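Have a look at the structure below before the remarks.
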Amino acid sequence: GGTGYVKVAEISGRAADDIRGELDTLRKAGARRLVLDMRGAGFGAPADGVKVAELFLKGGVVSRLSGVKYPEEVLSADPARSAWDLPMAALVDVGTAGPGEVVAAALLDSGRGDVIGQRTFGRAGFQRTVALPEGGLIVTVAKYASPKGTAIHGKGVEPSVVVELPDQGEDETDQAAAPAGDPVLDKAIEVLQQGAQKKAA
């Protein structure tokens, strides 16, 4: 129904370029809305999330990075990198961490689109390695926050549309009894279609 879908397994250094290519393909195929699925995307550097968020923003603040001994750094989007200005929604869950959380927070604070699913993991820190005589330590020296300054690290990102999933339990019997389909994706498509209907009216 004109809704494109991009699944992001992880947000690495080349993720933004890969997603840009998928967006071009979807647009040429006639997509007028987008679902960006970042559920389970728990790996990658938060800084790479800034590059992905730029694809959906026309400038403005993407994220803020600060620490006790780390002066606040404001990370802004380059309008020239924007690749999708049509309606969109992002899917997240407890497995979404780091760069995915930076993207979700940027979309929420900018009003760019709904974030749908469950609260994210809450791991968005900037880390440095401290060398020791034997081995070393990895220390979080700064933490990412949303454009409006809401903490991400240790808190997670609360979706604008929460979808409660049934507890499937741990045994195969419970899993087999779980409802079929994807209620989070279904809700995203519903939200996007409702937005299109309101715009048409």
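Because the structure is predicted, anything quoted here is derived from the model rather than measured. Below, each value reflects all heavy atoms present in this structure, side chains not excepted, and no hydrogens, waters or symmetry copies.
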For residues [X] and [Y], report the shortest heavy-atom separation together with the two atoms involved.
X      : Y      : result
Ala90  : Leu107 : CB-CD1, 3.8 Å
Ala83  : Leu23  : CB-CD1, 4.1 Å
Leu192 : Ala89  : CD2-N, 4.1 Å
Ala145 : Ile152 : C-CD1, 3.8 Å

List for me each residue that meets side-chain hydrogen bond (donor to acceptor under 3.5 Å, both in side chains) alongside [X], sequence neighbours excluded, and say none if there are none.
X      : answer
Thr3   : Arg33
Arg20  : none
Glu164 : none
Glu73  : Tyr70

Does Val74 sit in a hydrophobic cluster with other residues, and if so which ones, taking ILVMFWY side chains as linked at heavy-atom separations under 4.5 Å, directly or through other members?
Val61

Would you give the length of the straight line joining atom [atom1] of [X] to atom [atom2] of [Y], rounded to the nearest 0.5 angstrom?
X      : Y      : atom1 : atom2 : value
Leu137 : Leu132 : CG    : CG    : 4.5 Å
Asp24  : Glu22  : CG    : CD    : 9.5 Å
Gln118 : Leu91  : CD    : CG    : 9.5 Å

Heavy-atom neighbours of Lys58 NZ exceed 12 at 6.0 Å
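Incorrect, the count does not exceed 12.
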
Enclosure of Phe121 CZ (heavy-atom neighbours >12, cutoff 6.0 Å)
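Counting neighbours around CZ of Phe121, 12 or fewer heavy atoms of other residues, nucleotides or ligands fall under 6.0 Å, so no.
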
Ser110: what forms a side chain to side chain contact (heavy atoms under 4.5 Å, CB included) with it, not counting sequence neighbours?
Leu57, Arg112

Test side chain to side chain contact (heavy atoms under 4.5 Å, CB included) applied to Arg32 - qualifying residues, sequence neighbours left out:
none

Can you tell me which residue pairs pass the ring pair (Phe, Tyr, Trp, His ring centres under 6.0 Å) test with a partner in residues 6-29, sequence neighbours excluded?
none

Test salt bridge (Lys or Arg N to Asp or Glu O under 4.0 Å) applied to Asp18 - qualifying residues, sequence neighbours left out
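Once residues adjacent in sequence are excluded, the partners of Asp18 under the salt bridge (Lys or Arg N to Asp or Glu O under 4.0 Å) criterion are Arg14.
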
Review item, side-chain donor-acceptor pairs of residues 35-56, under 3.5 Å, at least two apart:
from  : atom 1 : to     : atom 2 : distance (Å)
Asp37 : OD1    : Arg39  : N      : 3.1
Asp37 : OD1    : Arg39  : NE     : 3.0
Asp37 : OD2    : Tyr5   : OH     : 2.6
Asp37 : OD2    : Arg39  : NE     : 3.4
Asp37 : OD2    : Arg39  : NH2    : 2.8
Arg39 : NH1    : Asp182 : OD1    : 3.0
Arg39 : NH1    : Asp182 : OD2    : 3.4
Arg39 : NH2    : Asp182 : OD2    : 2.8
Glu54 : OE1    : Arg81  : NE     : 2.8
Glu54 : OE2    : Asp78  : N      : 2.7

Does Ser146 offer a backbone N or O that forms a donor-acceptor pair with the side chain of Ser63 under 3.5 Å?
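No, Ser63 side chain to Ser146 backbone: no donor-acceptor pair under 3.5 Å.
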
Please list, one pair per line, the donor and acceptor atoms closer than 3.5 Å that link side chains of residues 154-163 to other protein atoms, with sequence neighbours excluded.
from   : atom 1 : to     : atom 2 : distance (Å)
Glu158 : OE1    : Arg119 : NE     : 3.1
Glu158 : OE1    : Arg119 : NH2    : 2.9
Ser160 : OG     : Asp114 : OD1    : 2.9
Ser160 : OG     : Val115 : N      : 3.0
Ser160 : OG     : Val115 : O      : 3.2

Not counting sequence neighbours, list each pair that qualifies as a side-chain hydrogen bond (donor to acceptor under 3.5 Å, both in side chains) and has a residue in residues 90-106.
Asp93-Thr96, Glu101-Thr120

Does Leu86 share a hydrophobic cluster with Met88, counting links as ILVMFWY side-chain heavy atoms below 4.5 Å and allowing steps through other members?
yes

Heavy atoms, side chains only, cut-off 4.5 Å: are Leu165 and Val184 in contact?
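They are in side-chain contact.
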
